[in-house]
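Note: hydrogens, waters and symmetry copies are ignored here, and every other heavy atom, side chains too, is used.
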Amino acid sequence: MKSAALKVTNMEKRTAKASHKLKGKRQTYATYIYRVLRQVHPDTGISAKSMGIMNSSVGDMFERVASEAAKLSLYNKRRTITSREIQTAVRLLFAGELGKHAVSEGTESVAKCTRSK
C-alpha cells in the first residue's frame, strides 16, 4: 500500500514537466559589451569564452553596486535607491581614477537621458 505522501498524481507530473521545459531567458550583457568593444577597437573580435568571462564580470559588478547602494539607502533610512546612492556606491567600489571616470560617465548618461524626455 502506497503512502499518501508518496503518491504523485498525473497532473503534478505534467506540471513538473511543463515547468522544467519553460526556462526563462538568461540575462546577458553580451550585446552591450560587443558595442563598447566596437567603439574602442573596431577591428577586434572576442571569443565566446572571453565574452562569458566579461559577462560574468559585468554581472558581478552590477550586483556589488546594487547591494552597496541598497546598504547606503538603508543607512539613510530611505526605501528608494536614487542616483545619489548609485554614485556613492560606485565611488566606494571603484578605486581612484576609475571611480572618478565612472561617476563622470554616469552623470553624463543620466543628464542625456533626462534631456531626451
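- Shown here for S73 and I81, the closest heavy-atom pair between the two residues is OG-CG1, 4.1 Å.
- The line from CG of N55 to OG1 of T28 is 3.5 Å long, rounded to the nearest 0.5 Å.
- Counting heavy atoms from C-beta outward, M51 and Y34 have side chains that approach closer than 4.5 Å.
- The two atoms that bring G99 and V90 nearest to each other are O-CG1, 4.3 Å, heavy atoms only.
- Hydrophobic clustering keeps V110 apart from V65 (ILVMFWY residues linked when any side-chain heavy atoms are closer than 4.5 Å, directly or through intermediates).
- Of the inter-residue distances, the one linking R64 atom CZ with F94 atom CZ reads 8.5 Å to the nearest 0.5 angstrom.
- Of all heavy-atom pairs between A69 and A89, the closest is N-CB, 3.8 Å.
- Listed for the T107 side chain is a donor-acceptor partner under 3.5 Å among the backbone atoms of V103.
- Hydrophobic cluster membership is shared by M61 and L98, with clusters built from Ile, Leu, Val, Met, Phe, Trp and Tyr side chains linked at under 4.5 angstrom.
- One distance of note links CZ of R38 with OG1 of T44; it measures 7.0 Å at 0.5 Å rounding.
- Note that CZ of R78 and CZ of R84 are 9.0 Å apart. Values are rounded to the nearest 0.5 Å.
- In this structure, SG in C113 is found 13.0 Å from CD in E108, a value given to the nearest 0.5 Å.
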Assess the residue pair N76 and E85 against the criterion (side chain to side chain contact (heavy atoms under 4.5 Å, CB included)); give the C-alpha distance rounded to whole Å, side-chain angles, the decisive distance to 0.1 Å, and a yes or no. CA-CA 10 Å; N76 294 320; E85 281 82 22; 4.2 Å; yes
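- Clustering ILVMFWY residues whenever any of their side-chain heavy atoms sit less than 4.5 angstrom apart, transitively, puts L93 in a cluster other than the one holding V58.
- Screening V36, I33, L37 against M54 for a side-chain contact (heavy atoms from CB on, under 4.5 Å) leaves a single residue, I33.
- Looking at every heavy atom in both residues, T114 comes nearest to A111 through OG1-O, 2.9 Å.
- Separating the CD atom in E63 from the OG atom in S67 is a distance of 7.0 Å, to the nearest 0.5 Å.
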